[in-house]
Enquirer: 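One structure is given below, represented as structure tokens, and several questions about it will come after.
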Amino acid sequence: MMVDPLPRRFLSSHKSLVTVFWIATFASLFIWQFGGVSTNLYNVGTGFSFFRWSSTAAAAAGGFPKLRPAAFNLTDFGAVGDGVTINTEAFERAVYKISKLSKKGGGQLNVPPGRWLTAPFNLTSYMTLFLHHDAEILALQDEKYWPLLPPLPSYGYGREHPGPRYGSFIHGQNLRDVVITGNNGSINGQGQTWWKKYRQKLLNHTRGPLVQIMWSSDIVFANITLRDSPFWTLHPYDCKNVTITNMTILAPVFEAPNTDGIDPDSCEDMLIENSYISVGDDGIAIKSGWDQYGTTYGRPSKNILIRNLIIRSMVSAGISIGSEMSGGVSNITVENILIWSSRRGVRIKTAPGRGGYVRDITFRNVTLDELRVGIVIKTDYNEHPDGGFNPQAFPVLENINYTGIYGQGVRVPVRIQGSKEIPVKNVTFRDMSVGITYKKNHIFQCAYVEGRVIGTIFPAPCENLDRYDEQERLVKQSDSRNATDIDYEI
């Protein structure tokens with residue numbers, strides 16, 4: 001029996017690529033973790049680059065680089081890093097002192113080695129929070145210490161319960177020029193108690209994120225570890241000019257419900273790069289509001305570049321758009337991504353009632369390693385905040401490009417499920433070769449999709465798509481754009 005040489009050749013080259021990628025990436029992570037951090041970018045040979053603060057810069061201020069005109073140590077405010085003493089007042093006094101320095105360039109709060117237990121606290125503008133590599137900020141687990149906030153205006157509903165929601169552990173509103181960084185110190189949400197109470201239905205309000213910054217601009221997260229959030233981990237909401245780089249974001253891949261890694265929500269002009277994410281829900285989920293509340297709020301997520309990431313999501317997807325996307329999502333580029341040992345790779349999810357749009361989306365140079373489903377578009381994700389949504393508010397999905405999609409051990413490489421009401425328009429596939437685990441015919445699944453395939457791809461595409469040669473000349477026009485071949489049994 002003859003075996004198709006394309007997947008065999010691909011798997012051989014792909015394994016070599018993945019091996020080189022992992023060696024280079026983990027070598028760079030080792031240098032980053034143990035060599036301190038440097039302001040210079042360097043390339044590790046795979047398209048991935050990392051940066052570190054130089055050891056000479058760190059020699060100032062007792063091992064801390066001085067990034068603001070004024071710098072303070074958390075212990076200056078009476079903090080004790082024994083993992084038992086509650087340090088909320090020390091954090092609050094430090095932030096208050098920095099808030100008085102905005103006209104002088106702000107201030108830096110250094111968190112030295114230790115385990116610094118605290119209730120949730122707020123940040124201020126023109127502030128740098130710098131964590132030593134042996135520093136860990138620990139969240140109090142008792143929800144009585146967590147403030148209640150109104151529902152997000154674009155959601156109209158606490159995401160899990162109606163009414164107020166718990167605020168985040170580290171919070172900020174209406175801020176400008178905030179940096180959270182360090183030598184890979186940690187912020188630990190200690191979410192285990194929250195996850196257990198959520199599963200036992202003992203909570204009356206939506207759980208709070210680990211870090212949430214709202215209505216702010218010029219925000220940087222770099223060179224720290226975020227772990228074990230009660231809910232979403234890092235949630236920038238209606239923010240502009242946000243950089244998230246060289247981050248490690250962790251939660252158990254099972255039994256840690258809704259611990260998304262990064263959730264850009266109604267944000268614009270954002271860079272997410274050079275990070276490792278392994279969590280209990282979506283690695284990244286781009287959002288812009290929920291049903292009629294998101295439509296009324298009217299703030300899209302746009303101009304977001306996501307690159308050079310390694311992601312694992314055993315129960316959800318590496319990178320998602322939606323399902324809360326009613327304010328619109330556009331001009332998103334996702335490139336140089338490895339998603340491994342996950343349920344899904346890259347996903348767009350929406351439903352009737354959402355309204356809004358997802359358009360001008362590019363996925364480029366994405367590697368899928370041991371996944372159940374690689375590429376997903378789902379148009380019947382029917383969760384709604386209440387009965388007030390308009391069932392005739394159909395979202396628009398268009399101009400979605402997949403170029404350079406590679407992988408091995410993927411059960412269903414593509415599942416694009418449009419509908420009569422929500423067709424998926426102008427989808428392009430080019431340069432795709434994904435090794436499969438099932439030898440079934442319908443593993444490139446489509447419904448109500450129109451678009452094109454340029455050149456030869458593996459596995460063979462669905463009949464819904466037009467075929468073009470490598471010079472982008474039409475070879476065969478589809479007459480089956482509304483054909484349906486979706487099989488959830490695979």
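Computed from a prediction, not measured in an experiment: that's the story for all the values here.
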Enquirer: Taking all non-hydrogen atoms of both residues, which atom of W290 and which atom of E383 are closest, and how far apart?
Expert: NE1-O, 3.1 Å
Enquirer: So I286 and I304, do their side chains get closer than 4.5 Å, heavy atoms only?
Expert: yes
Enquirer: Would you call R343-D281 a salt bridge at under 4.0 Å N-O?
Expert: no
Enquirer: So, S323 side chain and T350 main chain: donor-acceptor pair closer than 3.5 Å or not?
Expert: no
Enquirer: Has D82 got a side-chain atom pairing as donor or acceptor with T85's backbone, closer than 3.5 angstrom?
Expert: yes
Enquirer: What I want to check is whether the side chains of N274 and N308 have a donor and an acceptor closer together than 3.5 Å.
Expert: yes
Enquirer: With respect to L397, which candidate in I361, V449, V427, V424 satisfies the side-chain contact (heavy atoms from CB on, under 4.5 Å) definition?
Expert: V424
Enquirer: Could you tell me whether the side chains of N365 and N336 share a donor-acceptor contact shorter than 3.5 Å?
Expert: yes
Enquirer: Distance-only, no hydrogens or angles: does the R354 side chain make a donor-acceptor pair with backbone N or O of P352 under 3.5 Å?
Expert: no
Enquirer: Is the backbone N or O of A251 less than 3.5 Å from a side-chain atom of T259, with the two atoms forming a donor-acceptor pair by type?
Expert: no
Enquirer: Assess whether a salt bridge exists between E136 and R115, defined as any Lys/Arg side-chain N lying under 4.0 Å from an Asp/Glu carboxylate O.
Expert: yes
Enquirer: If you look at every heavy atom in S99 and T124, which pair is closest and at what distance?
Expert: CB-OG1, 3.4 Å
Enquirer: Side chains of T233 and V211, heavy atoms from C-beta outward: is any pair under 4.5 Å?
Expert: no
Enquirer: Return yes if a side-chain donor-acceptor contact under 3.5 Å exists between N110 and N73, otherwise no.
Expert: no
Enquirer: Hey, are S330 and R359 close enough side-chain-wise for a donor-acceptor pair under 3.5 Å?
Expert: no
Enquirer: Backbone N or O of L203 within a donor-acceptor pair of the H161 side chain at under 3.5 Å?
Expert: yes
Enquirer: Side chains of H235 and D265 only: does a donor on one sit below 3.5 Å from an acceptor on the other?
Expert: yes
Enquirer: Please determine, by modelled atom types, if N426 and E398 share a side-chain donor-acceptor pair under 3.5 angstrom.
Expert: no
Enquirer: What is the minimum heavy-atom distance between D260 and K287, and which atoms define it?
Expert: OD2-CE, 4.1 Å
Enquirer: What is the distance from atom OG1 of T367 to atom CD1 of I310, rounded to the nearest 0.5 Å?
Expert: 10.5 Å
Enquirer: So T403 and T428, do their side chains get closer than 4.5 Å, heavy atoms only?
Expert: no
Enquirer: Below 4.5 Å, heavy atoms only, C-beta onward: do L74 and P112 meet side chain to side chain?
Expert: yes
Enquirer: Are Y402 and F363 near enough that their ring centres are under 6.0 Å apart?
Expert: yes
Enquirer: Nearest 0.5 Å, what's the CZ-CG distance between F130 and L67?
Expert: 6.5 Å
Enquirer: Knowing that exactly one of T128, L123, I98 qualifies, which makes a side-chain contact (heavy atoms from CB on, under 4.5 Å) with L109?
Expert: I98
Enquirer: Counting the benzene-type ring for Trp, do F429 and F444 have ring centres under 6.0 Å apart?
Expert: yes
Enquirer: Between Q417 and T379, do the side chains contain an N or O donor and an N or O acceptor separated by less than 3.5 Å?
Expert: no
Enquirer: Verify, without hydrogens or angle tests, whether N464 (side chain) and R481 (backbone) share a donor-acceptor contact under 3.5 angstrom.
Expert: yes
Enquirer: If we only count heavy atoms from C-beta on, is the L148 to R165 side-chain gap below 4.5 Å?
Expert: no
Enquirer: Please answer whether the main-chain N or O of P423 pairs with a side-chain N or O of K420 as donor and acceptor at a distance below 3.5 Å.
Expert: no
Enquirer: Would the number of heavy atoms belonging to other residues, nucleotides or ligands and lying under 6.0 Å from CD of Q192 be above 12?
Expert: yes
Enquirer: If you define the side chain from C-beta out and look only at heavy atoms, does anything of V253 sit under 4.5 Å from V315?
Expert: no
Enquirer: Taking the side chain as everything from C-beta on, heavy atoms only, tell me whether V111 gets closer than 4.5 Å to L129.
Expert: yes
Enquirer: Could you tell me whether R93 atom CZ has more than 12 heavy atoms of other residues or ligands within 6.0 Å of it?
Expert: yes
Enquirer: Would the distance check show the side chain of Q108 and the main-chain N or O of P65 forming a donor-acceptor pair, the cut-off being under 3.5 Å?
Expert: yes
Enquirer: Strictly distance-based, threshold 3.5 Å: is any side-chain N or O of H384 a donor or acceptor partner for the main-chain N or O of D386?
Expert: no
Enquirer: Cation-pi between R312 and Y276: NZ/CZ under 6.0 Å from ring centre and within 45° of the ring axis?
Expert: no
Enquirer: Any non-hydrogen side-chain atom of L210 less than 4.5 Å from a side-chain atom of S168?
Expert: no
Enquirer: Does a side chain donor of either Y237 or S154 reach within less than 3.5 Å of an acceptor in the other side chain?
Expert: yes
Enquirer: Between S316 and R347, is any side-chain donor less than 3.5 angstrom from a side-chain acceptor?
Expert: yes
